> 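Sharing a structure here in structure tokens format.
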Amino acid sequence: MTTTETPDMLQRILDYSSRADPYPLYAELRKTPVARQEDGSYVISTYRELTDILHNPHLSSDVRNLSRPMPGMEARATPAFINLDPPEHDRLRRMAMRHFGPPHTPGLVAGMEDDLTAIVSSLIDGFAGKEQIDIVDDFAYPFPVTVICHLLGVPREDEPKFRLWVNAIIDSIDYNPKTDPKEKLDNGVQATKDLRQYLGGLLEQRHGRPGEDLLSRLANDDGPDGRMTDEEIVSTANLLLIAGHETTVNLITNGMLTLLRHPEVLQRLRDEPDLVVPLVEELLRYEPPVHIIPWRAAYSDITVADTVIPKGSQIMLMLASGSRDPNRFHDPDRFDPDRRDNQHLGFGSGIHLCFGGPMARLETQIALTELVRRLDRPSLVADPPPYRRSPVLRGPLHLHIEQSGGQ
């Protein structure tokens with residue numbers, strides 16, 4: 001198999017005009033599973049090739065292994081473990097996981113179910129008397145933000161401050177020096193510095209004061225791997241704060257949009273609440289919160305689908321395309337909550353499989369179950385809704401719905 005330069009196809013996918021429905025373009029992209037771009041980077045779009053490379057030890061998440069530096073990376077501080085390779089990645093992820101899940105805190109996620117349900121119920125109570133609701137601003141954003149602030153120990157009242165920083169950071173993820181103003185990158189770099197400084201200030205208050213929140217635990221824990229440095233704790237907290245709500249906002253909002261587009265499934269969920277577990281898995285395949293991993297690096301020459309990707313090359317992974325690959329999923333463009341063998345790429349794969357996946361699943365299951373149960377004949381105000389700018393973290397900017405009465 002030979003690679004084909006498809007810059008026009010990739011640019012069409014990244015262009016905002018395609019945000020509402022990139023899936024036909026993904027289908028075109030999959031005709032060339034490994035596509036070399038004019039700048040020497042490679043785009044991988046098919047399920048088999050994506051899963052193979054995500055498990056390939058020669059694939060690096062460390063920007064320092066790129067032969068051509070990424071814009072703005074020289075200004076960024078200590079990387080989070082998601083942007084590191086073994087053994088450093090494994091050590092930091094293991095240290096964070098001691099306080100976030102099995103085997104040391106196995107009941108953390110499941111033990112939050114009652115609290116999560118109470119937050120959801122309170123937010124839906126706030127819909128009373130409203131004929132029109134924005135699922136994003138009124139529900140899908142405040143819910144996971146409240147949860148991650150509680151877990152980390154970040155004051156919920158500081159949300160307006162860090163929301164501006166997070167938005168600037170997300171906006172800069174897909175920065176293209178050929179088409180975007182440098183201000184977009186500069187704003188993201190500055191926002192990263194500001195957010196890290198803010199989290200560093202919170203961390204200083206935790207030293208020597210053990211508490212139940214994650215910042216306190218990381219600041220005062222001496223586990224088998226020792227203790228994280230302050231820079232490592234700030235990088236980890238930065239990652240969890242952003243990833244802990246941004247992706248879940250998209251998953252919940254994409255989920256509600258999909259249900260409103262499939263009223264027969266919405267009614268089934270209302271009648272069969274247990275359907276929500278496979279339904280959320282299908283959402284992660286059909287309308288995932290993360291569409292693209294914008295870069296990985298080749299440690300050494302990597303062969304994918306008979307194509308040799310040279311050492312140091314930038315590799316773009318089109319996860320959402322892989323989850324719609326007809327060579328892996330039957331009738332992939334159909335939303336089917338009864339789908340079996342649903343090994344989607346919604347949370348990635350390999351050693352960087354989403355750290356917060358169990359929490360995002362539970363949050364979305366509770367959110368969709370309660371929305372469907374309590375909303376009165378909801379309907380979309382606009383379809384498609386307006387989308388966020390990012391092609392990487394893809395989801396509606398707003399999702400206005402109408403309902404016929406109270407809950």
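Side chains included, hydrogens not; waters and symmetry mates left out as well; all remaining heavy atoms used. Just so you know, these numbers come straight off a predicted model, no measurement behind them.
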> With side-chain contact (heavy atoms from CB on, under 4.5 Å) as the test, pick out the partner of E363 among I119, V120, L116, V249.
L116
> Short question: side chain of N254, backbone of N250 - any donor-acceptor pair under 3.5 Å?
yes
> For Q197, does the CD atom sit with more than 12 other heavy atoms under 6.0 Å from it, leaving out its own atoms?
no
> Can a side-chain donor-acceptor contact be found between D39 and S41 if the only test is distance below 3.5 angstrom?
yes
> I'd like to know if the side chain of T146 pairs up with that of R156 as donor and acceptor (distance under 3.5 Å, no hydrogens or angles considered).
yes
> Can you tell me if R64 has over 12 outside heavy atoms packed within less than 6.0 Å of its CZ?
no
> Does R163 count as lying over the ring of Y141, i.e. NZ or CZ under 6.0 Å from the six-ring centre, within 45 degrees of the axis?
yes
> Counting heavy atoms not belonging to K184, are there more than 12 under 6.0 Å from its NZ?
yes
> So, for L266 and L259, which heavy atoms are closest and what is the spacing to 0.1 Å?
CB-O, 3.7 Å
> Do L269 and V276 come close enough that some side-chain heavy atom pair is under 4.5 Å?
yes
> Under 4.5 Å between any side-chain heavy atoms of E282 and V265, yes or no?
no
> Go through F81 and M95 one step at a time and tell me if the side-chain contact (heavy atoms from CB on, under 4.5 Å) criterion holds.
CA-CA 11 Å; F81 59 76; M95 293 170 80; over 6 Å; no
> Relative to the ring of H400, is the ring of H398 parallel (under 30°), tilted (30 to 60°) or perpendicular (over 60°)?
parallel
> Got a second to check how far L14's CG is from I292's CD1, nearest 0.5 Å?
5.5 Å
> side-chain contact (heavy atoms from CB on, under 4.5 Å) for L151 and L240? Distances and angles first, verdict last.
CA-CA 10 Å; L151 280 173; L240 296 179; over 6 Å; no
> Looking at every non-hydrogen atom in both residues, tell me the closest pair between P294 and I173 and how far apart they are.
CG-CG2, 3.9 Å
> Quick one: do R361 and E281 make a salt bridge, cutoff under 4.0 Å?
yes
> Which pairs, with at least one residue in residues 144-167 and sequence neighbours excluded, count as a ring-ring contact (aromatic ring centres under 6.0 Å, His included)?
W165-Y198
> Using a 6.0 Å cut-off, check whether atom CD of E212 has over 12 heavy atoms from anything other than its own residue.
no
> Is the shortest distance from a Lys or Arg side-chain nitrogen in D221 or R217 to a carboxylate oxygen in the other one below 4.0 Å?
no
> Please answer whether the main-chain N or O of R389 pairs with a side-chain N or O of R19 as donor and acceptor at a distance below 3.5 Å.
yes
> Of all the heavy-atom pairs spanning Q403 and K130, show the shortest one and how long it is.
NE2-O, 3.3 Å
> Tell me, please, which residues at least two apart from T364 pass side-chain contact (heavy atoms from CB on, under 4.5 Å).
T248, L251, I252, V280, L368
> Hey, could you give me the CG/CZ distance between L214 and R206, rounded to the nearest 0.5 Å?
10.0 Å
> Go through Y42 and V304 one step at a time and tell me if the side-chain contact (heavy atoms from CB on, under 4.5 Å) criterion holds.
CA-CA 11 Å; Y42 289 78; V304 183; over 6 Å; no
> Any luck finding a side-chain donor-acceptor pair between S45 and R30 under 3.5 Å?
no
> Taking NZ, NE, NH1 and NH2 as the nitrogens, is one of them in R98 or D225 under 4.0 Å from a carboxylate oxygen of the other?
no
> Ignoring hydrogens, what is the shortest heavy-atom contact between M228 and A96? Give both atom names and the distance.
CE-N, 3.8 Å
> Determine whether the side chains of R12 and S17 contain a donor N or O and an acceptor N or O closer than 3.5 Å.
no
> To the nearest 0.5 Å, how far apart are CG in L393 and CD1 in I242?
9.5 Å
> Is the number of heavy atoms from other residues, nucleotides or ligands within 6.0 Å of CZ (R48) greater than 12?
no
> Hey, is D341 close enough to R328 for a salt bridge, meaning N to O under 4.0 Å?
yes
> Are a donor atom and an acceptor atom from the side chains of D194 and Q190 found within less than 3.5 Å of each other?
yes
> Report yes if some heavy atom in the side chain of Q343 is under 4.5 Å from a heavy atom in the side chain of Y47; otherwise report no.
yes
> So R196 and S235, side-chain contact (heavy atoms from CB on, under 4.5 Å) or not? Walk me through it.
CA-CA 7 Å; R196 286 174 180 264; S235 291; 2.7 Å; yes
> Between L399 and I133, is there a side-chain heavy-atom distance shorter than 4.5 Å?
no
> Using a cut-off of 6.0 Å, state whether more than 12 heavy atoms not belonging to E157 lie near its atom CD.
yes
> With a 3.5 Å cut-off and no angle check, do the side chains of S61 and R296 form a donor-acceptor pair?
yes
> Count the heavy atoms belonging to other residues, nucleotides or ligands that lie under 6.0 Å from CD of Q267, then report whether that count exceeds 12.
yes
> Starting from the C-alpha separation in whole Å, work towards a yes-or-no answer on salt bridge (charged side-chain N to carboxylate O under 4.0 Å, His left out) for E370 and R374.
CA-CA 6 Å; E370 290 301 299; R374 295 186 57 188; 5.1 Å; no
> What's the separation between atom CG in L239 and atom CG in N83, rounded to the nearest 0.5 Å?
8.0 Å
> Contact between M256 and F139 at the side-chain level, heavy atoms closer than 4.5 Å - yes or no?
no
> Tell me, which pairs form a salt bridge (Lys or Arg N to Asp or Glu O under 4.0 Å) where one or both residues lie in residues 106-123, sequence neighbours left out?
none
> Kindly indicate whether the side chain of L260, heavy atoms from C-beta on, has any atom under 4.5 Å from the side chain of P378.
yes
> Would you sort out whether E287 and R394 count as a salt bridge (charged side-chain N to carboxylate O under 4.0 Å, His left out), showing the intermediate values?
CA-CA 9 Å; E287 282 281 30; R394 175 184 168 274; 2.7 Å; yes
> Where do A20 and P384 come nearest, in terms of heavy atoms and distance?
CB-CB, 3.8 Å
> Supply the atom-to-atom distance D85 CG to I351 CD1, rounded to the nearest 0.5 angstrom.
6.5 Å
> Less than 4.5 Å apart, side chain to side chain, heavy atoms only: is that true for H245 and E159?
no
> Go through the steps to decide whether R268 and D338 satisfy the test salt bridge (charged side-chain N to carboxylate O under 4.0 Å, His left out), and finish with yes or no.
CA-CA 11 Å; R268 264 193 75 189; D338 298 312; 2.8 Å; yes
> Compare all side-chain heavy atoms of L10 with those of M318 and state whether any distance is below 4.5 angstrom.
yes
> Aromatic rings Y23 and Y286: how do their planes relate, parallel, tilted or perpendicular, breaks at 30° and 60°?
parallel
> Please find the pair of heavy atoms, one from I169 and one from G188, that lie closest to each other, and give the distance.
CG1-O, 3.9 Å
> Are R339 and F329 in a cation-pi contact, defined as NZ or CZ under 6.0 Å from the six-membered ring centre and within 45° of the axis?
no
> Do S18 and D15 pair up side chain to side chain, a donor and an acceptor below 3.5 Å, judged on atom types alone?
no
> What is the ring orientation for H352 with H89, classed by angle as parallel under 30°, tilted 30 to 60°, or perpendicular over 60°?
perpendicular
> Please round to the nearest 0.5 Å and tell me the distance separating atom CZ of F143 and atom CD1 of I148.
11.5 Å
